[in-house]
J.: 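Before anything else, here's the structure in question.
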Amino acid sequence: MSKPEKIFMIGPCRASVFRNTIMISGAAREMPKVKFEVRFKDKRTGRWAGTSTMTVPELPKAILALQKAFEYLVHNKGGELA
């Protein structure tokens, strides 16, 4: 996987912005994508890991991280509102 263009972290919640190039009718087109995860340290291995599930206190943090990613895409070409 390529490196993210921008990462928004609010507490353990992380929204990473990627830009993938896809072909549509023979033309290359940029497709912005956002990957969301909640980061945590695995108690067994001591390694950092990620999950898409969250606790109730993490919900506002997730919303804020995703909102920041949305605003970034809208203001930096590529936030297609379809």
Side-chain angles (χ1 to χ4, degrees):
M1 179 180 268
S2 63
K3 288 183 84 174
E5 176 179 322
K6 185 82 172 168
I7 297 173
F8 298 94
M9 290 241 358
I10 310 295
C13 299
R14 178 165 76 177
S16 303
V17 176
F18 292 86
R19 292 194 192 262
N20 298 332
T21 302
I22 60 171
M23 297 298 286
I24 298 177
S25 301
R29 207 167 146 175
E30 196 174 75
M31 177 65 66
K33 300 246 180 175
V34 176
K35 177 183 177 185
F36 175 79
E37 64 182 345
V38 178
R39 302 292 292 165
F40 66 94
K41 199 164 196 177
D42 188 296
K43 291 177 183 175
R44 290 180 295 137
T45 65
R47 292 184 177 181
W48 285 97
T51 181
S52 59
T53 61
M54 64 200 84
T55 63
V56 172
E58 291 168 340
L59 285 170
K61 295 172 186 173
I63 291 167
L64 184 55
L66 289 167
Q67 180 67 37
K68 287 185 174 291
F70 173 76
E71 290 170 1
Y72 175 81
L73 285 169
V74 169
H75 294 303
N76 290 286
K77 299 179 184 177
E80 298 175 16
L81 302 173

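Because the structure is predicted, anything quoted here is derived from the model rather than measured. These values consider heavy atoms only, across backbone and side chains, with no hydrogens, waters or symmetry-generated copies.
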J.: Measure the shortest side-chain to side-chain distance between V17 and K35 over non-hydrogen atoms and say whether it is less than 4.5 angstrom.
T.: no

J.: Can you find a pair of side-chain heavy atoms, one from E5 and one from Y72, that are under 4.5 Å apart?
T.: yes

J.: Restricting to non-hydrogen atoms, name the atom on P60 and the atom on P57 that form the minimum distance, rounded to 0.1 Å.
T.: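 P60 and P57 have their closest heavy atoms at CD-O, 3.4 Å.
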
J.: Would V34 and L73 satisfy side-chain contact (heavy atoms from CB on, under 4.5 Å), going step by step from the backbone distance to the final call?
T.: CA-CA 9 Å; V34 176; L73 285 169; 3.7 Å; yes

J.: If two hydrophobic side chains count as joined below 4.5 Å and joins carry through other members, does L64 share a cluster with F70?
T.: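 No, L64 does not connect to F70 through the hydrophobic network.
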
J.: Can you name the closest pair of heavy atoms from M54 and V38 and give their distance?
T.: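 Closest approach of M54 to V38, heavy atoms only: CB-CG2, 3.9 Å.
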
J.: Quick one: CG on N20 to CE on M31, what's the gap to the nearest 0.5 Å?
T.: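 Separation between the atoms: 8.5 Å.
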
J.: What distance do I7 atom CD1 and R14 atom CZ have between them, rounded to the nearest 0.5 Å?
T.: 5.0 Å

J.: Going through the checks in order, is the side-chain contact (heavy atoms from CB on, under 4.5 Å) test met by Q67 and F8?
T.: CA-CA 9 Å; Q67 180 67 37; F8 298 94; over 6 Å; no

J.: Residues in side chain to side chain contact (heavy atoms under 4.5 Å, CB included) with T53, at least two apart?
T.: T51

J.: Nearest 0.5 Å, what's the CE-NZ distance between M9 and K61?
T.: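 With rounding to 0.5 Å, CE (M9) is 10.5 Å from NZ (K61).
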
J.: Would you compute the distance between atom CZ of R19 and atom CG of N76 and round it to the nearest 0.5 angstrom?
T.: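 Atom-to-atom, R19:CZ and N76:CG are 6.5 Å apart.
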
J.: Looking at every heavy atom in both A15 and A65, which two are closest together, and how far apart are they?
T.: CB-O, 3.6 Å

J.: Side chains of F18 and S2: does their closest heavy-atom pair fall under 4.5 Å?
T.: yes

J.: What distance separates E30 CD from I22 CD1, expressed to the nearest 0.5 Å?
T.: 10.0 Å

J.: Nearest 0.5 Å, please: how far is CZ in F40 from CD in E58?
T.: 10.5 Å

